[in-house]
Amino acid sequence: MRLATWNVNSLGARLPRVLAWLAEAQPDVLCLQETKMADGAFPAEAFAELGYEATHHGQGQWNGVAIVSRLGLAEVQRHFGGTLDAAGARLLAARCGSVLVHSVYVPNGREVGSEHFVEKLRFLAELRSHLERSTSPEDLVCVCGDMNVAPEDRDVWDPAALAGATHVSPEERQALQAVLDWGLVDALRAFTPAAGVHSWWDYRGGAFHKRQGMRIDLVLLSRPLAERCRLALVDRNERKGERPSDHAPVLVDLALDELGPSG
DNA sequence: ATGGTTGCGAAGCAA
């Protein structure tokens with residue numbers, strides 16, 4: 001099973017690129033964030049033409065998440081209560097084949113200490129609570145998306161330059177770690193210990209070409225899935241060319257064949 | 001140097 005996540009920064013603006021990438025990268029499941037569209041505008045037919053079912057949780061101008069799957073979609077959940085709903089259309093879950101997939105767009109937080117920052121910490125805390133209530137770390141569970149937190153200093157281009165900024169504060173990292181501590185593994189870090197692997201680069205100032213980015217888009221796998229993960233990468237080529245998103249897709253390959261028919 | 005760029009939507013906000 002090939003699974004990917006991509007903050008597309010408007011699916012309306014990015015649809016041609018997303019469709020081309022689906023055809024090229026051939027993921028079985030693609031989680032999208034920041035679709036920035038209402039459910040009525042979601043281009044389900046375009047995905048269907050490529051053999052994918054899709055489910056979308058949108059609100060219009062901001063946020064919006066989707067799961068696109070050619071392994072089927074079951075048990076779709078788009079309402080989770082509390083901050084997970086109040087913060088906007090930021091979370092969507094569905095079973096794709098044997099895997100319970102979550103597409104997440106964690107609030108940005110804006111400024112450390114702001115009300116938006118508090119909401120971000122609460123969102124992450126409630127995400128962990130939702131996992132506790134709804135499933136088990138012994139099951140095949142994936143939580144992926146734009147976490148808007150760089151887990152460690154090696155995940156940002158220059159920790160000193162970002163001191164005091166959002167995405168790297170101890171509070172945010174602890175809140176993300178609490179999600180991981182439920183029983184999830186950061187897939188890319190299981191393969192790539194080095195610094196310099198990023199998934200987001202500011203549009204401004206040529207940040208991408210200066211390699212001034214952060215790794216904030218994560219694929220988090222429960223242990224049974226992490227044990228079967230054979231590849232994890234950021235497709236940074238998707239940050240190049242005409243009208244890119246400011247995020248690149250993150251992709252993993254999971255060897256689920258040995259699980260039998262349900263895999 | 002509070003800059004710079006993109007998207008939405010039609011000015012300013014969010015990221």
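Naming: A, B, ... by sequence-line order, numbering from 1 per chain. Here the structure is a predicted model, which is why all the values come from computation and not from measurement.
Between the C1' atoms of dA15(B) and dT2(B), the separation comes to 16 Å (whole Å). Using atom C1' as the reference point in both dG9(B) and dA14(B), the two lie 13 Å apart (nearest Å). Rounded to whole Å, the P atom of dC13(B) lies 13 Å from the corresponding atom of dG3(B).
Residue pairs that meet the salt bridge (charged side-chain N to carboxylate O under 4.0 Å, His left out) test with at least one member in residues 138-149 of chain A, sequence neighbours left out, are E138(A)-R223(A). The stretch residues 3-19 of chain A participates, sequence neighbours left out, in these salt bridge (charged side-chain N to carboxylate O under 4.0 Å, His left out) pairs: R17(A)-E238(A). Applying the ring-ring contact (aromatic ring centres under 6.0 Å, His included) definition to pairs two or more places apart or across chains, none involves residues 152-195 of chain A. Applying the salt bridge (charged side-chain N to carboxylate O under 4.0 Å, His left out) test to pairs two or more places apart or on separate chains, none has a residue in residues 40-69 of chain A.
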- Note on the structure: Under a 4.0 Å heavy-atom criterion, the protein footprint on nucleotides 5-15 of chain B, written with B, S and -, is BSSSS----SB

Sequence neighbours left out, cut at 3.5 Å: what donor-acceptor pairs do the side chains of residues 78-90 of chain A make with other protein atoms?
from: R78(A); atom 1: NH1; to: H56(A); atom 2: O; distance (Å): 2.4
from: R78(A); atom 1: NH2; to: T55(A); atom 2: OG1; distance (Å): 3.1
from: T83(A); atom 1: OG1; to: E126(A); atom 2: OE2; distance (Å): 2.9
from: D85(A); atom 1: OD1; to: F80(A); atom 2: N; distance (Å): 3.0
from: D85(A); atom 1: OD2; to: F80(A); atom 2: N; distance (Å): 3.1
from: D85(A); atom 1: OD2; to: G81(A); atom 2: N; distance (Å): 2.7
from: R90(A); atom 1: NE; to: A87(A); atom 2: O; distance (Å): 2.8
from: R90(A); atom 1: NH1; to: Y105(A); atom 2: O; distance (Å): 3.2
from: R90(A); atom 1: NH2; to: N63(A); atom 2: OD1; distance (Å): 3.2

